[in-house]
K.L.:
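Let me begin by handing over the structure; questions about it come next.
Note that the numbering runs from 1 along the sequence shown for the chain.
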Amino acid sequence: MAVLKMADEAIIKKYMDETDELIRLIVNHREAADVSGTKYYVSENGNDDNDGLTPETAWKTINKANRFEGFKSGDGVYLKRGDSWRIKTPLFARSGVTYSAYGEGSKPKLIGSIDASSADLWERTDAENIYKYKYTINTRRNNVGTIIFDNGRAWGVQVQRRKSGTRLDNGTVFNGLETYCVPECPLDSYKDLKGNLEFWQDIDTDNLYLYCKGGNPADVFESIEIVDKGHGIVLVSDEETNTAHDITVNNIEVFGFGSHGVASGNVKNIVVEYCVFKWIGGSVQEFYLFNRDHGVRFGNAVESYGSSDNFIIRWNYASQIYDCCWTVQKVEATTMNNIQMYKNVSEFCNTGLEVWQDGGTISNMKLYDNYTRFNGYGWSHQRPKKHGNFFFGGGNTNCTYINNDVYNNVGLFASLYISKCAATGVGQYNFHDNVYIMENDKYVGGVTRNPGTGTGDVINMPYNEAEVSLAVDGGFEKGTQFYVTAPSPLGNMFDLYDRHKTYEE
């Protein structure tokens with residue numbers, strides 16, 4: 001019996017509809033997280049001179065909540081639904097404190113981007129179709145990750161300059177309006193921008209330049225948001241344990257931050273739930289990191305970078321994330337125990353789920369009932385290395401693995417891989433009972449040909465009957481349903497999906 005089956009319209013509709021329904025449940029969830037201690041309230045119409053103890057005496061700003069020194073374990077901070085805050089300093093989530101929402105309406109929203117919708121903010125240069133943003137943005141500290149036009153109808157394509165003076169080749173890119181490819185060529189100044197909606201920051205002057213056909217960008221588009229570097233929420237480690245612990249983040253929307261949506265180091269007893277993350281990442285983490293000749297971009301929806309003990313990520317929705325949606329990682333050896341990721345949805349992100357470290361122990365990890373679609377498409381497709389995937393595990397061959405399962409997940413139309421991971425045997429990551437729909441010119445993954453050996457010999461296994469059968473027979477993805485479709489005519493999946501859907505009731 002064939003392992004690889006054709007996905008007809010009914011099968012595609014079934015899993016697309018299931019994804020949409022889960023997004024609706026997340027977006028419209030109204031139940032606030034409860035606390036045993038004191039509740040503090042924050043509202044756009046509040047006043048920072050208030051005591052914050054009732055909705056009528058709410059604080060006004062996120063900075064007030066950040067500066068308050070009176071929190072005790074079991075307390076909660078509640079942001080008013082329907083309100084939004086543009087912030088340049090993250091919300092600092094303290095150990096022992098819950099952060100949630102109150103009132104009626106949509107989730108409270110933290111916005112990190114700069115509103116650049118006014119025509120007087122864009123100055124014509126002496127080069128055709130190229131405009132300079134009026135204000136400088138510190139390139140090394142606050143560099144721009146992306147630019148959002150008309151709430152996501154289109155987006156910017158970042159151009160980087162190599163040490164050699166040439167532009168980094170992004171390959172074929174899609175800006176929401178059109179597809180094009182600008183090969184590697186000299187990049188001496190803003191005059192060398194060539195593709196529509198390309199942008200470049202001059203590292204010497206901190207000026208931001210944008211190529212825009214049709215005139216002043218603010219005349220072409222109704223809204224423009226510049227997403228610069230920074231986190232939305234930071235889980236703060238206490239000094240005694242060097243760990244962020246006993247924190248819940250519930251029912252908050254995080255929009256337009258060039259680094260991470262929720263960022264942390266070592267964590268213990270953390271829950272992130274019923275949150276929405278949009279347009280996260282894309283800023284340059286470090287210029288010339290690890291002796292590379294160009295900047296390294298980054299940005300995840302929720303990240304723990306360090307040891308993780310009882311880290312739960314559930315019932316969250318992420319869209320248009322540059323790198324990964326839900327991740328625990330560390331470049332050194334550490335301990336990761338009881339990592340749970342379930343009932344999350346990610347779309348138009350490079351990677352859905354990610355777990356990796358160099359050595360150490362990964363134990364009791366359960367990743368299940370998650371839905372991902374169009375990984376590697378959207379604006380993350382401008383990455384020079386295009387490897388959209390459902391799960392990324394790095395090499396991970398030096399780790400000790402104990403009782404780790406990846407199951408009952410649905411991955412739809414990743415741009416290249418199901419998984420990019422060396423550790424895929426039952427004794428490492430036990431993948432089973434998942435559902436995948438992929439195009440027939442893609443790959444099962446960058447995985448070991450003999451799963452479970454831990455050799456680190458990662459190869460690209462084509463998504464065909466022979467290779468899928470070999471993987472299943474070798475213990476990889478037992479009980480999983482594999483479906484295949486013909487390649488998308490446009491190569492970007494937008495012909496299959498209305499990206500302007502609204503899920504809010």
Side-chain angles (χ1 to χ4, degrees), residues 1-7 11-12 14-15 18-19 324-326 339-344 346 351-356 362 364-376 387-397 399 401-485:
M1 184 174 67
V3 175
L4 196 61
K5 297 174 285 189
M6 288 298 297
I11 287 291
I12 294 173
K14 167 182 166 59
Y15 291 111
E18 287 183 7
T19 308
C324 178
C325 289
W326 329 113
I339 310 302
Q340 296 187 45
M341 304 178 188
Y342 61 90
K343 292 291 185 180
N344 301 291
S346 59
T351 297
L353 310 171
E354 180 179 65
V355 179
W356 62 268
I362 300 176
N364 301 312
M365 182 189 76
K366 306 297 178 188
L367 314 183
Y368 61 96
D369 291 346
N370 300 285
Y371 283 71
T372 71
R373 61 185 176 192
F374 313 122
N375 289 350
H387 52 69
N389 56 84
F390 159 73
F391 178 87
F392 180 83
N396 278 337
T397 54
C399 295
Y401 297 89
I402 305 170
N403 191 29
N404 302 301
D405 288 290
V406 185
Y407 62 99
N408 289 349
N409 301 286
V410 175
L412 307 175
F413 304 111
S415 68
L416 193 59
Y417 295 119
I418 290 175
S419 301
K420 190 175 184 185
C421 174
T424 54
V426 174
Q428 297 173 328
Y429 294 132
N430 184 15
F431 289 76
H432 62 92
D433 298 296
N434 299 295
V435 174
Y436 303 114
I437 301 178
M438 296 281 285
E439 297 171 290
N440 63 15
D441 59 348
K442 308 303 181 185
Y443 296 93
V444 176
V447 299
T448 52
R449 180 170 287 277
N450 299 304
T453 62
T455 63
D457 180 21
V458 178
I459 61 170
N460 289 337
M461 297 172 64
Y463 195 68
N464 58 37
E465 178 69 22
E467 295 290 359
V468 170
S469 297
L470 178 65
V472 171
D473 292 342
F476 177 55
E477 297 284 13
K478 287 290 187 182
T480 288
Q481 299 179 64
F482 295 91
Y483 293 96
V484 65
T485 69

K.L.:
Does a side-chain heavy-atom distance below 4.5 Å link Thr485 with Phe413?
P.N.:
yes

K.L.:
What distance do Ile12 atom CD1 and Arg373 atom CZ have between them, rounded to the nearest 0.5 Å?
P.N.:
12.5 Å

K.L.:
Can you measure from OG (Ser419) to CZ (Phe431) and round to the nearest 0.5 angstrom?
P.N.:
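Reported to 0.5 Å precision, the distance equals 4.0 Å.
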
K.L.:
Between Asn403 and Asn364, is a side chain to side chain donor-acceptor pair (under 3.5 Å) present by the stated rule, with each step listed?
P.N.:
CA-CA 5 Å; Asn403 191 29; Asn364 301 312; 3.0 Å; yes

K.L.:
Please list, chain by chain and in numerical order, all residues satisfying ring-ring contact (aromatic ring centres under 6.0 Å, His included) with Tyr371, sequence neighbours excluded.
P.N.:
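Once residues adjacent in sequence are excluded, Tyr371 has no partner under the ring-ring contact (aromatic ring centres under 6.0 Å, His included) criterion.
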
K.L.:
Please report the closest heavy-atom contact between Gly352 and Cys324, naming both atoms and the distance.
P.N.:
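Looks like O-SG, 3.7 Å.
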
K.L.:
Please list, chain by chain and in numerical order, all residues satisfying side chain to side chain donor-acceptor pair (under 3.5 Å) with Gln481, sequence neighbours excluded.
P.N.:
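With neighbours one apart ignored, the set is Tyr483.
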
K.L.:
Is a donor on one side and an acceptor on the other found under 3.5 Å between the side chain of Glu439 and the backbone of Ser415?
P.N.:
no

K.L.:
Please identify which of these residues, Trp326, Tyr436, Phe374, meets the ring pair (Phe, Tyr, Trp, His ring centres under 6.0 Å) condition with Phe390.
P.N.:
Tyr436

K.L.:
Taking only residues two or more places apart in sequence, or in another chain, which ones meet Thr19 in a side chain to side chain donor-acceptor pair (under 3.5 Å)?
P.N.:
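With sequence neighbours excluded, Thr19 shows a side chain to side chain donor-acceptor pair (under 3.5 Å) to no residue whatsoever.
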
K.L.:
Please determine which of Ile339, Leu367, Ile362, Val355 meets the side-chain contact (heavy atoms from CB on, under 4.5 Å) test together with Asn404.
P.N.:
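The side-chain contact (heavy atoms from CB on, under 4.5 Å) with Asn404 is passed solely by Ile362 among Ile339, Leu367, Ile362, Val355.
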
K.L.:
Please enumerate all residues that pass ring-ring contact (aromatic ring centres under 6.0 Å, His included) together with Tyr342, with sequence neighbours excluded.
P.N.:
Tyr368

K.L.:
According to ring-ring contact (aromatic ring centres under 6.0 Å, His included), who are the partners of His432, at least two apart in sequence or on a separate chain?
P.N.:
Tyr407

K.L.:
Passes side-chain contact (heavy atoms from CB on, under 4.5 Å), Val484 versus Lys5? Steps please.
P.N.:
CA-CA 6 Å; Val484 65; Lys5 297 174 285 189; over 6 Å; no

K.L.:
Are the side chains of Val406 and Met365 in contact, using a 4.5 Å heavy-atom criterion?
P.N.:
yes

K.L.:
How many angstroms lie between CG in Asn464 and NZ in Lys442, if you round to the nearest 0.5 Å?
P.N.:
14.5 Å

K.L.:
Knowing that exactly one of Asn370, Asp369, Thr372, Asn409 qualifies, which makes a side-chain hydrogen bond (donor to acceptor under 3.5 Å, both in side chains) with Asn344?
P.N.:
Asn370

K.L.:
Just verifying a value: how many Å separate Met438 CE and Leu416 CG, rounded to the nearest 0.5 Å?
P.N.:
7.0 Å

K.L.:
Given Ile418, which partner from the list Phe391, Phe482, Tyr443 fulfils the side-chain contact (heavy atoms from CB on, under 4.5 Å) test?
P.N.:
Phe482

K.L.:
Got a sec, which residues hit side chain to side chain donor-acceptor pair (under 3.5 Å) with Thr351, two or more places apart in sequence or on another chain?
P.N.:
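For Thr351, the residues satisfying side chain to side chain donor-acceptor pair (under 3.5 Å) (neighbours in sequence not counted) are Asn389.
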
K.L.:
Checking Tyr463 now: which residues fulfil side chain to side chain donor-acceptor pair (under 3.5 Å) with it, not counting sequence neighbours?
P.N.:
none

K.L.:
Looking at residues at least two apart in the chain, or sitting in another chain, which of them share a salt bridge (Lys or Arg N to Asp or Glu O under 4.0 Å) with Asp405?
P.N.:
Lys366

